[in-house]
Amino acid sequence: MNLLVCISKTPETTAKISFTDGDTKFNSEGVQYIMNPYDEWYALVRAIELKEQHGGKVVAINVGGSDNDIIIRKALAIGADEAVRVNGEESSSLFVATQIANYAKDKGFDIVFCGKETINYNGSEVGPMIAELLDQPFVSFASKLDHDGSAATIERDIEGGVEVVKVNGPFVLSAAKGLAEQRIPNMRGIMMAKRKPLEVAEASAVDEKVIVKSYSLPAGKSAVKMLDPENMDELVRLLHEEAKVI
Amino acid sequence: MSVLIFAEATKGQYKKNAFEAVYYGSQLAKQLGTEAVVFTIGNGSNAAVLGQYGANKIWNQDSSKATDSQVASALIAQAAEKAEANYVILSNSALGKSLTGRLGVKLNAGVVSGVTSLPDTSGTPCVNKQVFSGKGIACYELKSGKNILSVMGNSLKPEVVGSDVAPENTSFTEPSTGLEIIETKTVDGTVPLPEAELVVSAGRGMKAPENWGIIEELADVLGATTACSRPVADTGWRPHHEHVGQTGVAIRPNLYIAIGISGAIQHLAGVNNSKTIVVINKDPEAPFFKAADYGIVADLFDVVPKLTESLKKFKQ
Ligand SMILES: Cc1cc2nc3c(=O)[nH]c(=O)nc-3n(C[C@H](O)[C@H](O)[C@H](O)COP(=O)(O)OP(=O)(O)OC[C@H]3O[C@@H](n4cnc5c(N)ncnc54)[C@H](O)[C@@H]3O)c2cc1C
């Protein structure tokens, strides 16, 4: 099977979120970056497992600058066979999806994997955009995927349960928890990753339709009220009369 | 010009997420001085009620493949063209999330998913959404004449502003796709987490899965949905769909009760937009207290049954 996995770079989960340039840019000073967890833990690993089962290859793709190479090498260390970075600034989901669809267009991938969402922009937009650009089915939030070589049976998470679907032919999928178990790269993987091909392609221009004008932080909480554990009637009263939530 | 709203039925009924999308769209239509056209796919039995939340017209297309993003986006795009819509509004639900990006490409429109308030349309329109898993807010400028917005659950309270509207049938062209819907398996009874207004959540402080009885009882009395921290789902104490946080479900209920959860930054990221947070933890230094409205330092095995008793008294 010929599999493409989209990997994205996000701030590490404990990173302090702040903004600069008059609140128009994310302040990346001192921020460490990681591979987006949904891409790394579920999408990439399930793609590698399918390759181990059916043969073929796994290509990891990232859209971004050369400082992303460290994340791409990690994907290679976990088990992707080759990688491509489309050189450009990941300015919007449309920009990223366009570059990936352009790359994938005539390469005959059986499945294009994305993560459920990125943990920075939480958009879930890239996967469906790629699917539309390639005119293929899209299966969101896949938590189980079996492939018999010609058709895939997938469980996708929906509100309060799952929907089971079957797909014939190539498709795009977004990976949710449950699809695979996280793999930690071993020493051999890390050594091999250095010798695996990392192609750099140039990005094509995209007519941006939305741009972030400014950022802000959510309103802070007022100080916590500590209550007597022996008096739960008081908590119930406060929830009813003060917070008005019950 | 119009606002087209895609309303999604859950198990054959229009519910809260549909009402929120319709109300949001109708408020936007009012703001723009135009009409709110609701589009539905399939046979939700109570479509007329969407008029109460502000729909001026309701169009329904018969199809059994409403959850196939290729089919639904093709039908919605045809409805948007017929309505000459300059905004298409959806719920930020599992289905909504698989449609917004597709529609953006199909209609050559801007996309902002998970918006939390109405756009400011006084100048170049802009709209807010949560970013960094709730740790920040971004204001997006909408540069295109056409935009697709999906509405984050619980970000506005739908009000009754009109009366029932009789749905009209449409006959748009349905594409054939490579996807076949086999079956849907859902748990009955409870409100799904993203829509829940009241949530009772528990963490590793519970010690073992067999101790969850007190959590379920509390949730039952409240009419709340249960959630959990990540390690609890990872070790299989609770099902995956209960896992909330940065790498789980992000929620914003009216009430979030956190029991035996330390309040790690990744956990807080998914829940800190809850309106009211109650924290029960035996460690007074637990970081969660900093994000709480009400805190109780106690052994959860003592205090949770007491809270349940007090709630039972209150409910009588
Ligand atoms: C990349 C990444 C992503 C992550 N994403 C998430 C996520 O999405 N969601 C998430 O939840 N976590 C996430 N985590 C994990 C997170 O960092 C914490 O490890 C986790 O939230 C801790 O879960 P917990 O609070 O249940 O357990 P603990 O941290 O072990 O806390 C248990 C708490 O229970 C209290 N307690 C114990 N016994 C009692 C008692 N008898 N009565 C009262 N209180 C008691 C303790 O004082 C303690 O505060 C992520 C971590 C990483 C690295």
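Predicted model, so just to flag it, every value in this text is computed and none were measured. Every chain is numbered from 1, with letters handed out A, B, ... down the list of sequences.
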Residue K107(A) excluded, over 12 heavy atoms near NZ under 6.0 Å: yes

S113(B) and E125(A): side chain donor to acceptor below 3.5 Å: yes

Top contributor to chain A interface from P194(B), P253(B), G248(B) [non-hydrogen pairs under 4.5 Å]: G248(B)

More than 12 heavy atoms of other groups within 6.0 Å of E181(A) CD: no

Segment of A151(A) engaging chain B (4.5 angstrom heavy-atom cut-off): neither

Distance in Å, L235(A) CG paired with I296(B) CD1, rounded so as to fall on 0.5 Å steps: 4.5 Å

Point-to-point distance, once rounded to the nearest 0.5 Å, from NE2 of H240(A) to CG of L311(B): 11.5 Å

Between K209(A) and N108(B): side-chain donor-acceptor atoms closer than 3.5 Å: yes

For the student: nearest non-hydrogen atoms of P128(A) and S98(B), plus distance: CB-O, 3.6 Å

Interface residue of largest heavy-atom contact number with chain A, from E141(B), K313(B), K143(B), under 4.5 Å: E141(B)

Heavy-atom contact with chain B under 4.5 Å, split by part of P11(A): side chain

Distance, nearest 0.5 Å, that separates CG of N254(B) from NZ of K244(A): 13.0 Å

Closest contact, heavy atoms only, V224(A) versus Y294(B): CG2-C, 3.9 Å

Side chains of E163(A) and T67(B), donor plus acceptor under 3.5 Å: yes

Stepwise side chain to side chain contact (heavy atoms under 4.5 Å, CB included) check, S143(A) with H240(B): CA-CA 10 Å; S143(A) 52; H240(B) 281 325; over 6 Å; no

Shortest non-hydrogen separation from F138(A) to L179(B) and the atoms involved: O-CD1, 4.3 Å

Spacing of N128(B) atom CG and S214(A) atom OG [to the nearest 0.5 Å]: 7.5 Å

Heavy-atom pair count under 4.5 Å with chain A, highest-scoring of S133(B), S69(B), A233(B), A292(B): S133(B)

Residue, of A109(B), G114(B), P284(B), A250(B), that accumulates the most heavy atom pairs under 4.5 Å with chain A: A109(B)

Check: Y121(A) side chain, V131(B) main-chain N or O, donor-acceptor pair, under 3.5 Å: no

Nearest atoms (heavy-atom pairs only) where L255(B) meets I246(A): CD2-CG2, 4.0 Å

Distance in Å, K135(B) NZ paired with T13(A) OG1, rounded so as to fall on 0.5 Å steps: 6.5 Å

Within 6.0 Å of NZ in K16(A), more than 12 heavy atoms from elsewhere: no

Distance-minimising heavy-atom pair for V297(B) and P229(A): O-CG, 3.6 Å

Best-contacting candidate, V303(B), T100(B), V111(B), against chain A by heavy atom pairs under 4.5 angstrom: V111(B)

Proximity breakdown for F26(A) and chain B, heavy-atom pairs closer than 4.5 Å: side chain

Minimum-distance pair of heavy atoms, taken over all atoms of K221(A) and D293(B): NZ-OD2, 2.8 Å

Atom group of Q70(B) that falls short of 4.5 Å from chain A, counting heavy atoms: side chain

Residues, nucleotides or ligands: over 12 heavy atoms within 6.0 Å of E241(A) CD: yes

Max heavy-atom pair count under 4.5 Å with chain A, selected residue of V278(B), L95(B), T247(B), T276(B): T247(B)

Inter-residue atom distance D120(B).CG - K213(A).NZ, 0.5 Å rounding: 7.0 Å

